[in-house]
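Written out below as structure tokens is the structure these notes cover.
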There are 2 protein chains.
Amino acid sequence: MDTQAEIEDFILNGHLRYVPHVSIDCAIFGYHEQQLKVLLIKHKYIEGWCLPGGYIKRTETLVQAANRNVMERTGINNLFLQQFKAFGDPGRARINEFDEEKWFRVTGVRVTKNNWLIDQTISIGFYAITDFSRSVPKPDMMSEDCAWFDIDNLPKLEFDHDEMVKEALHTMRVQLYHYPIGYNLLPEKFTLTEIHALYETLLGKKLDISNFPKKLMALGLLKKLNEKRSIGPHRSPHLYVFDKDAYDKALKEGVVLS
Amino acid sequence: MDTQAEIEDFILNGHLRYVPHVSIDCAIFGYHEQQLKVLLIKHKYIEGWCLPGGYIKRTETLVQAANRNVMERTGINNLFLQQFKAFGDPGRARINEFDEEKWFRVTGVRVTKNNWLIDQTISIGFYAITDFSRSVPKPDMMSEDCAWFDIDNLPKLEFDHDEMVKEALHTMRVQLYHYPIGYNLLPEKFTLTEIHALYETLLGKKLDISNFPKKLMALGLLKKLNEKRSIGPHRSPHLYVFDKDAYDKALKEGVVLS
DNA sequence: TTGTTATTTTGTAAAATTTACTAAATAAAA
DNA sequence: TTTTATTTAGTAAATTTTACAAAATAACAA
């Protein structure tokens, strides 16, 4: 979606391919070396930053729509992805502030007030987690920028997206105790210290350095390798990999981490 | 919404007052004397039973829409109400089976295929809990029956409503440990045995008769009264009431029950 | 008035889990 | 060989959960 013809077609005929009045918004959390970030985009049409999002094709499921959106913004497929809440309070989208001239300047298309895009929209929130160092943030056709922001240094977001981030973060932190996490976020082979740091960062709190790795091991998701990693003048830590079968089973059936 | 004029107006002009393409569906759980039921409705237009639901007014929030719907079906206001998931997979509503003649027979209105009601719809699922003995089930204008069904003796439901009930029940049972429950479900003054039975029934499992009441008390939501209830040739149990302040605080901030 | 009975309620020991802390093992570099 | 920072195993204390026993009780019948 980039050429002017495509933009025009989306604006004028999008309602035939997408479900009107419903969108998805994605809180994409990015982790790397003990840093937690969120991906934001800057609309051409709007002043501030907001969460990436989009419409749902009439032929795809909600999860597919969210996955497509996350893929388009980060270039990464098949992330851990969860629906967390639908947002639909009237006034959340500020459609009353519609400015035909501005739309024309930005899109090059004459948009009238009865266009399918200019109407009340209910948005379904998803969150995803990825390794931000592997991603290539890419704006969509309606936005001019797309970048990672530190989780505790976010700008004021547009619409109800502040609340969305808050809810997404809360849900993510609760679900960390009930789903396995780490795949795609850690190197193929990793140390207990690395996965410990991952959990600490995502949860935003300290976890006992001696007990937490034991709890992780007790879940039975990790396989200990006969290899160690050299980390300078210190004891070399063992390397681990995820047991893919146990991991996928845990994704389906859930786990309990205390 | 009952007269023919109102039905006709809803079908022909509803898209002006309601948000098209989005609906809500409510799994309304009913409790009374150790029985757990679900409220189902039977559409005039559709063969089997399904969850009650409806559209969202352009002026109301999602929760208001759900509450209005629950109120219309049960006659009871202000129940414990929670959003649990949005459902939007294509094909879930079977709009391809649209039958103009049948719609006319049922509604007395000539509905064409481009009507706002005949299109892909994404539904936001809410669940609620009420005392079914106090409710007066009432069909909506599109349905011919509305009745309580035993939770473990449900008929096969239409659309994706089997999955909705399953998800609603699962979410409800998880949230029972994180929100206070019992208000409106028990008499104003109740015994520990009664609230114990409530939890057992909603959770669908046994809870230790000696330890569970202690856990409940530990939450600090109950006030012990200086009254007892006569229950025949047995020790008279104490009566309790909810501490409204603590209860409301717990509703907002959550509790932890083990 | 006194036992009988079923239920409520308190008490407590055992079991299990979590937490806090100690110390041994280790590997590279000085 | 010693130093050093980190990994990792071990364990005792603290806490929580569970299981079970027994006391309290109130209506009724004898």
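First the proteins, then the strands, lettered A, B, ... as listed; each starts at 1.
Summary of helix geometry: the two end axes of the helix from C:dT1-D:dA30 to C:dA30-D:dT1, each defined by five base pairs via their C1' atoms, are inclined to each other by 30° (rounded to 10°).
Ring orientation note: the planes of B:W49 and B:F149 are nearly perpendicular, at an angle over 60° on the 30°/60° scale.
Side-chain contact annotation: A:N77 with A:N67, donor-acceptor N/O pair under 3.5 Å present.
Think of the region where chain B sits on DNA chain C: with heavy atoms and a 4.0 Å cut, that region ends 5' and 3' at C:dT5 to C:dT12.
One can place CZ of B:R235 at 6 Å from P of D:dT25, the figure rounded to the nearest angstrom.
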Side chains of residues 207-221 of chain B: which donor-acceptor pairs under 3.5 Å do they make with residues two or more places apart or in other chains?
residue: B:D208; atom: OD1; partner: B:S210; partner atom: N; Å: 2.8
residue: B:D208; atom: OD1; partner: B:N211; partner atom: N; Å: 2.9
residue: B:D208; atom: OD1; partner: B:N211; partner atom: ND2; Å: 3.4

Contacts table for residues 22-30 of chain B: side-chain donor-acceptor under 3.5 angstrom, sequence neighbours left out:
residue: B:S23; atom: OG; partner: B:S123; partner atom: OG; Å: 3.2
residue: B:D25; atom: OD2; partner: B:S123; partner atom: OG; Å: 2.6

Please tabulate, for side-chain N and O atoms in residues 250-258 of chain B, each donor-acceptor pair with protein atoms closer than 3.5 Å (sequence neighbours left out).
none

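Every residue two or more places apart in sequence or in another chain that forms a salt bridge (charged side-chain N to carboxylate O under 4.0 Å, His left out) with B:K189 is listed here: B:E227. Taking the side-chain contact (heavy atoms from CB on, under 4.5 Å) definition, one finds that A:F190 meets it with A:L186, A:P187, A:E194, A:I195, A:L222, A:Y240, A:F242, sequence neighbours left out. Take A:E144 and apply the salt bridge (charged side-chain N to carboxylate O under 4.0 Å, His left out) test, not counting sequence neighbours, and it matches A:K42. Residues passing the side-chain contact (heavy atoms from CB on, under 4.5 Å) test with B:P90 are A:T61, B:Q120, sequence neighbours excluded.
DNA chain C lies under 4.0 Å from at least one heavy atom of each of the following residues of residues 202-218 of chain B: B:S210, B:K214. Of the residues in residues 172-181 of chain B, none lies under 4.0 Å from DNA chain C by heavy-atom distance.
Both tests hold for A:K244 against A:Y183: distance to the six-membered ring centre under 6.0 Å, angle to the ring axis within 45°.
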Hey, what are the protein-to-nucleotides 27-30 of chain D N/O distances that come in under 3.5 Å?
residue: D:dA27; atom: OP1; partner: B:S230; partner atom: OG; Å: 2.8
residue: D:dA27; atom: O4'; partner: B:G232; partner atom: O; Å: 3.1

